[in-house]
Amino acid sequence: MTKNKLVLIDGNSIAYRAFFALPLLNNDKGVYTNAVYGFTTMLLKVLEEEKPTHMMVAFDAGKTTFRHDTYSSYKGTREKTPPELAEQLPVMRELLDAFSIPYEEIENYEADDIIGTLSRHASDAGWETTIFTGDKDLLQLVDKHTTVTLTKKGITNVEAYDPDALHERYGLRPDQIVDMKGLMGDSSDNIPGVPGIGEKTALKLLAAYDTVEGVYEHIDEISGKKMKQNLSENEEQARMSRKLAEIYRTAPVQTELAALAWEQGDPKTIKAFFEEMGFQSLLGRIPGLEEEKPEELADIDVKKAEELRPEMLTEGTALVVESLEENYHHAVMIGVALANENGTWVLDPSACTESDLFREWAENEERTKWVFDAKRAVVTLGWEDVFLSGITFDVQMASYLLDPGASSHDIAAITSRRSGMQVQVDEQVYGKGKKQAVPPEEELVQHLGRKAAAARELKPILEKELKQNEQLALLTDLEMPLSVILGRMERHGVAVDEKELHRIGESLTERLAEMEKTIYSLAGTEFNINSPKQLGEILFEKLGLPVLKKTKTGYSTSADVLEKLEPEHEIISSILTYRQLGKLNSTYIEGLLKSVHSKTGRIHTRFNQALTQTGRLSSTDPNLQNIPIRLEEGRKIRKAFIPTSSGEVILAADYSQIELRVLAHMAQDTSLIEAFNQGMDIHTKTAADVFGVSPEDVDSNMRRTAKAVNFGIVYGISDYGLSQSLGITRKEAAAFIETYLKNYPGVQDYMESSKAFARENGYVTTMMNRRRYLPEITSKNFNQRSFAERTAMNTPIQGTAADIIKQAMVDMSRALDESGLSGTMLLQVHDELIFETPEKEAEKLSRLVAETMEKTVSLDVPLKVDVSYGSTWYDAK
DNA sequence: GCAGTCACGC
DNA sequence: GACGTACGTGACTGCA
């Protein structure tokens, strides 16, 4: 027989810990979940590590217990349970029900007493018991069979006490814990103890006299007049305190130990509970669920085909091109799946790439295909020199447009949201990290077939929804043509001058070494400057600089804090420079060098087209949308970005103030429209209006302020955000915003109507009907509501600007084709497009780009594009 | 492997 | 009046 292992959990104590350790999370239904979440993570950890045979969770019952008869102020200082926690306590019981874990509360007794009683029974029976709590009082229950595990920091960071560990930590036997409490008291339970005696003194007294009784027997031997007096005067109180701290080990617990037997809850019930609570991240940890999952999936009719046949390639065939690598520029295809009205098939990659039939079908624009993630398919096949064309539907893009806020747009998630089919999550099939691997063929065929079949099934469903939202054109005329264009840009890549990167890197490394020496000597010691923790200790403890801001883990050492400390110590400016140079070296020099593709010697970023909430693109591996420009030091990195061939130049075209122009147009603000029509400098104009002076009298400081205000309008920052960026108070920032809105009543009205639209419809839209859903706009939580309101004001502006530049890229791609020019689009950086072109054609291309971008859409203000070119990206300024 | 902190762009 | 406050990506530390 295996040995019995009992786990007892102090429910209220753990719930409190979890509640205060975690931010106030709530799920999509607006219900607070942080305590339940924390409790659940602890529970899962306990199940995984302790593997109990018996379990029970004890809760406190009601407000008063028998201890109040002894001492009416017991727990008198305890604050009322916060309502955000109180509402979670019943949910905790639902959780335990889902796991089939018994729980109990007994009128007049505390959870401690239930635990004390059961652990005594278990210990008598020779069972091994572990008690989980955040309350040190329970240490009195430790014995040779019983371990008490205390939460230390957070919720899953714990420390286990057996008799030895307890002795090592406190020098006490378990039964002396109550004597300690008797002497030192416990402020959280409002147990008084003896005044003037804290943990240290209590431990010293107990080391000498063993118990409270012992202390009073030897009261005459105690040195220290004041302490002796305190002890004598509070003898009664000490005895009472000791009694209060004593856990009652014969509480009327009805449950027999045997009834606490536990194997595992029903995985499906637990899964349903997790899904209801929004605990997506915990789904993978449900005991017993993993083995069941594959059985749920009935096999679908997929055939492994050795070669391609015409019946597989009809109109509207769903195509899946599978590879494991997230970065498809390094992808190795592991399979191709096709699904249409004739069936579903999976083929080896070579059966496709080496087949003329496949190539003709894939490259023929007239032969329509449906895919999941068009750009991935285009680029993956592109690396095999297959030029995929004729994609008319992208399931992933459709999902993104319908539901940009969804936490994931992988095919498993989309399928479970919108169809009855089931597709496994890639991570479950392939594993992740080091354990990632191709599964046995049968499993792979099923998975890929299922993906293709799902894409085929989802297409009409998503298409119908897009039509209802009037978003179909956004998909078919904008995003999908753009996918192909972006795919070409990515596959083409950007040439870099590696020698130049190395040169800059060497100089940076040298300067970093010097800075390091300077910093060590100014600090008087060597330490890791890159560690905010160590740096904080040096600045704020060793050098005694004033602490202006703290983070949740310690001192803040961010640039804005350090800038304020600059006059205090000369080490600060060195640290700021060190950080700056370090960033350039590690992210931009070393990072970019690592990204040079071994096959092409170029850099191939990936633009994520289905990610941001506003409709902007993002760029990864490497991110080419945040190459330094502001400080000259960093800007030099751009010297390493060069055209493919000699005789070519880099050409950059950027929209000037596109967001503010969009704002002027959308808000129909006469003053702003006029300013743009007259070609005024918009920050000067804003400064003149906000400060009430004429444009000629605007000084640089006023313009700087106005620029920050405009920045705030464009990015939807709060008065707090504005105050931070200008280094002024929140009140002053709020006053600027108010003056701004008074001067531009059109903007004021627009902001109000945008919020009203969001409240009424639950979403906001851009010019091209991109949506962003804002359920929090009606939240009772001030923060959430304010955030949603700022988003409602800002997203239509930023999103419309994103729409416009995307449209410009589509237009530009066509214009390039039609012009006969040989320039190529390389990158997009939110409001600018980067090209490479033969120098001979640079002037022509400049005019074409400016014209095309400026007339992409027609607003009530002109769109202005600045174009420049040079031998490197740096010189295109 | 993960969270936290910091820094770069728009 | 408090709440914690534009969106992205990536490097690094320090903990599990």
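Order of the sequence lines fixes the chain letters, A, B, ..., with proteins taken first and strands second; residue numbering starts at 1 for each chain. All values below were derived from every heavy atom in this structure, side-chain atoms included, with hydrogens, water molecules and symmetry-related copies excluded.
Look at C/dA2: it lacks any Watson-Crick or wobble partner with both distances under 3.5 angstrom.
Between B/dA3 and A/Thr553, no contact under 4.0 Å exists linking OP1 or OP2 to a side-chain N or O. For A/Ser586 and C/dG10, the shortest distance from a side-chain N or O to OP1 or OP2 is not below 4.0 Å. For A/Lys533, a side-chain nitrogen or oxygen approaches OP1 or OP2 of C/dC15 to under 4.0 Å. A close approach under 4.0 Å does not occur between any side-chain nitrogen or oxygen of A/Thr614 and OP1 or OP2 of C/dA6. Contact annotation: A/Ser618 side-chain N/O to C/dT9 OP1/OP2 distance is under 4.0 Å. Checking the phosphate oxygens (OP1, OP2) of B/dG4, no side-chain nitrogen or oxygen of A/Thr551 falls inside 4.0 Å. Checking the phosphate oxygens (OP1, OP2) of C/dG14, a side-chain nitrogen or oxygen of A/Gln534 falls inside 4.0 Å.
Within the nucleic acid shown, A/Asn608 has no heavy atom closer than 4.0 Å to any nucleic acid atom. Residue contacts shown for A/Ser556 are limited to sugar-phosphate atoms, with no base heavy atom under 4.0 Å away. A/Tyr720 comes within 4.0 angstrom of a base, heavy atoms only. At a threshold of 4.0 angstrom between heavy atoms, the contacts of A/Asn528 are confined to the sugar-phosphate backbone, with no base atom among them. Counting non-hydrogen atoms under 4.0 angstrom, A/Leu611 reaches the backbone sugars and phosphates but no base. As judged by a 4.0 angstrom heavy-atom cut-off over every strand, A/Arg579 is placed among residues touching the sugar-phosphate backbone only. No engagement by A/Gln724 is indicated, since no non-hydrogen atom pair under 4.0 Å with the nucleic acid exists. A/Ser786 comes within 4.0 angstrom of nothing in the nucleic acid, heavy atoms only. Note on A/Glu659: nothing from the nucleic acid sits closer than 4.0 angstrom, heavy atoms only. Residue A/Asn530 is classed as a sugar-phosphate contact, given heavy-atom separations below 4.0 Å to backbone atoms only. Heavy atoms of A/Val714 sit nowhere under 4.0 angstrom from any nucleic acid atom. A/Lys432 comes within 4.0 angstrom of the backbone, heavy atoms only, and of no base.
Annotation for A/Val561 and A/Ser556: closest pair CG2-OG, 3.6 Å, computed over non-hydrogen atoms.
Put simply, the side chain of A/His409 never gets that close to the backbone of A/Met397: no donor and acceptor are under 3.5 Å apart.
The closest side-chain donor-acceptor pair between A/Arg376 and A/Tyr328, if any, does not fall under 3.5 angstrom.
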